[in-house]
Amino acid sequence: MTSIGWLGGDSEFPGGSSVTERQFERIQQEAKRSRSLALGLHDCELCPAGEPARGTGEIHIFGVEGTTYCAPAMIAHYVRDHGYTPPAEFLAALTRTGSLDWDDRAEVLVSLLVSDRAEPGWRDAAAIDIANWHDGRALEALLVAGLDDHIVDYSGRSIGVSIAEFWGRAGAVDDDSYLALLPQVQWGVLTGLGEGDPELAEGLFVPPEKFNY
């Protein structure tokens, strides 16, 4: 994993960001599903004293050549408000299209996702990241995790949103699989479909509101 964009008060970089609109939209999209959230917020060290932007968590961007890039979720702020331009290889990974070839990274993510011994934060990140592989093995792992009480209380929404990505690409929901999922995961599916493919969510069973977290 290669770290990108972890900026501090002593960071030096040319002003005037050259990030394209498409690349910035991808950064914002990833920041909505940040991994590794901290208990507190980080104050931007580049902002004027007394009025810093704040944020937490990180994003993961997967390159086709096998590299995984890790950046703070605040990279969107650094680009938009401070003119930061990330390295070219990171920007290229942002604009890749299609699925990644199944590789060791996918194997590790699947093993984390289905292991009840793995740390919950890593399993949550795996639930988000595995959707980068448009592969039946990834969907199968998500469906297995969606039945696991140990992880669902922590990551039910993340699992469900990723499952929704697969069903959205397929253009259809597997009704039997959906009904088998725990309610927290069902809410994640409904959330994901509602943002990307709302017509696929029509008519689906809506679980009790108390599980919507």
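What you see below is based on every heavy atom in this structure, not just the backbone, and it leaves out hydrogens, waters and symmetry mates.
By the 6.0 Å contact criterion, CD on E107 is enclosed, its count of non-hydrogen atoms from other residues, nucleotides or ligands being greater than 12. Counting heavy atoms of neighbouring residues, nucleotides and ligands inside a 6.0 Å radius, atom CZ of R169 exceeds 12 of them. Around the CG atom of D101, the shell of radius 6.0 Å holds no more than 12 heavy atoms that belong to other residues, nucleotides or ligands. Atom CD of E21 has 12 or fewer neighbouring heavy atoms from other residues, nucleotides or ligands inside a 6.0 Å radius.
To the nearest 0.5 Å, atom CD of residue Q28 and atom CD1 of residue I75 are 12.0 Å apart. Summarising the geometry, atom CG belonging to L109 is positioned 9.5 Å from atom CH2 belonging to W122; distances are rounded to the nearest 0.5 Å. Expressed to the nearest 0.5 Å, how far OG1 of T191 lies from CG of N212 amounts to 6.0 Å. Y178 contributes atom OH, which lies 8.5 Å from atom CH2 of W167 (distance to the nearest 0.5 angstrom). With rounding to the nearest 0.5 angstrom, the OH atom of Y69 is 14.0 Å from the NE2 atom of H60. Between atom OG1 of residue T2 and atom CD1 of residue I61 there is a gap of 12.5 Å, rounded to the nearest 0.5 Å.
Remark: the backbone N or O of G9 is paired with a side-chain donor or acceptor of E45 at under 3.5 angstrom. The backbone N or O of L112 sits nowhere less than 3.5 Å from a side-chain atom of S115 that would complete a donor-acceptor pair. Proximity of a side-chain donor or acceptor of S155 to a complementary backbone N or O of V152 within less than 3.5 Å is not detected. Looking at W187, its side chain does come within 3.5 Å of a backbone N or O of P208 through a donor-acceptor pair. Looking at T85, its side chain does come within 3.5 Å of a backbone N or O of S18 through a donor-acceptor pair. With hydrogens and angles ignored, the 3.5 Å screen pairs a side-chain donor or acceptor of R26 with a backbone N or O of L94. Under a 3.5 Å cut-off, the side chain of T68 and the backbone N or O of M1 do not form any donor-acceptor pair. A donor-acceptor distance shorter than 3.5 angstrom exists from the side chain of W6 to the backbone of C70, with no hydrogens or angles considered. No donor-acceptor distance shorter than 3.5 angstrom exists from the side chain of D197 to the backbone of L200, with no hydrogens or angles considered. Panel note: side chain D103, backbone A106; a donor-acceptor pair is recorded below 3.5 Å.
Placement of L142 and L204 within a single hydrophobic cluster is found when ILVMFWY residues are connected by side-chain heavy-atom separations under 4.5 Å, directly or transitively. A continuous path of Ile, Leu, Val, Met, Phe, Trp and Tyr side chains, each step under 4.5 Å between heavy atoms, connects Y78 with F13, placing both in one hydrophobic cluster. If you chain together hydrophobic residues whose side chains sit under 4.5 Å apart, Y84 and F90 fall into the same group. I59 and L7 fall within a single hydrophobic cluster, where Ile, Leu, Val, Met, Phe, Trp and Tyr are joined by side-chain heavy atoms under 4.5 Å apart, directly or via other members. No chain of hydrophobic side-chain contacts below 4.5 Å, direct or via other Ile, Leu, Val, Met, Phe, Trp or Tyr residues, connects Y154 to V161.
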Criterion salt bridge (Lys or Arg N to Asp or Glu O under 4.0 Å) on E58 and R33, from CA distance to verdict: CA-CA 9 Å; E58 62 191 35; R33 301 188 71 193; over 6 Å; no

For E30 and R35, what are the C-alpha separation, side-chain angles and deciding distance, and is it a salt bridge (Lys or Arg N to Asp or Glu O under 4.0 Å)? CA-CA 9 Å; E30 291 293 331; R35 298 75 156 165; 3.0 Å; yes

Do F205 and Q186 pass the side-chain contact (heavy atoms from CB on, under 4.5 Å) test, and can you show the C-alpha distance, the side-chain angles, and the key distance before you say yes or no? CA-CA 8 Å; F205 168 73; Q186 291 175 333; 3.6 Å; yes

Going through the distances and angles, do T20 and Q23 end up as a side chain to side chain donor-acceptor pair (under 3.5 Å)? CA-CA 5 Å; T20 67; Q23 291 165 340; 3.2 Å; yes

side-chain contact (heavy atoms from CB on, under 4.5 Å) for C47 and H82? Distances and angles first, verdict last. CA-CA 8 Å; C47 284; H82 297 296; 3.5 Å; yes

Applying ring-ring contact (aromatic ring centres under 6.0 Å, His included), run through W133 and F62 and close with a yes or a no. CA-CA 10 Å; W133 282 266; F62 293 84; 5.1 Å; yes

Evaluate side-chain contact (heavy atoms from CB on, under 4.5 Å) for L139 paired with D135, printing each intermediate quantity in order. CA-CA 7 Å; L139 176 57; D135 188 291; over 6 Å; no

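Two residues are said to be in side-chain contact when any heavy atoms from C-beta on lie closer than 4.5 Å; D153 and Y213 meet this criterion. Between M74 and H42, some side-chain heavy-atom pair lies under the 4.5 Å cut-off. Within the 4.5 Å cutoff, side-chain heavy atoms of P207 are placed close to those of L190.
Of all heavy-atom pairs spanning V185 and L181, the tightest one is CG1-CD1, 3.9 Å. The two residues P86 and V19 come nearest to each other via the heavy atoms CD-CG2, 3.6 Å. Closest non-hydrogen pair, G63 versus A93, comes out as CA-CB, 4.1 Å. Across all their heavy atoms, H77 and C44 have their closest contact at NE2-SG, 3.4 Å. Here the shortest heavy-atom pairing between I159 and A127 reads CG1-CB, 3.8 Å. The shortest non-hydrogen separation linking R123 to D148 is NH2-OD2, 3.0 Å.
A donor-acceptor pair shorter than 3.5 Å cannot be found between the side chains of R105 and N132.
The cationic group of R137 lies under 6.0 Å from the six-membered ring centre of W102 and within 45° of the ring axis, placing it in a cation-pi geometry.
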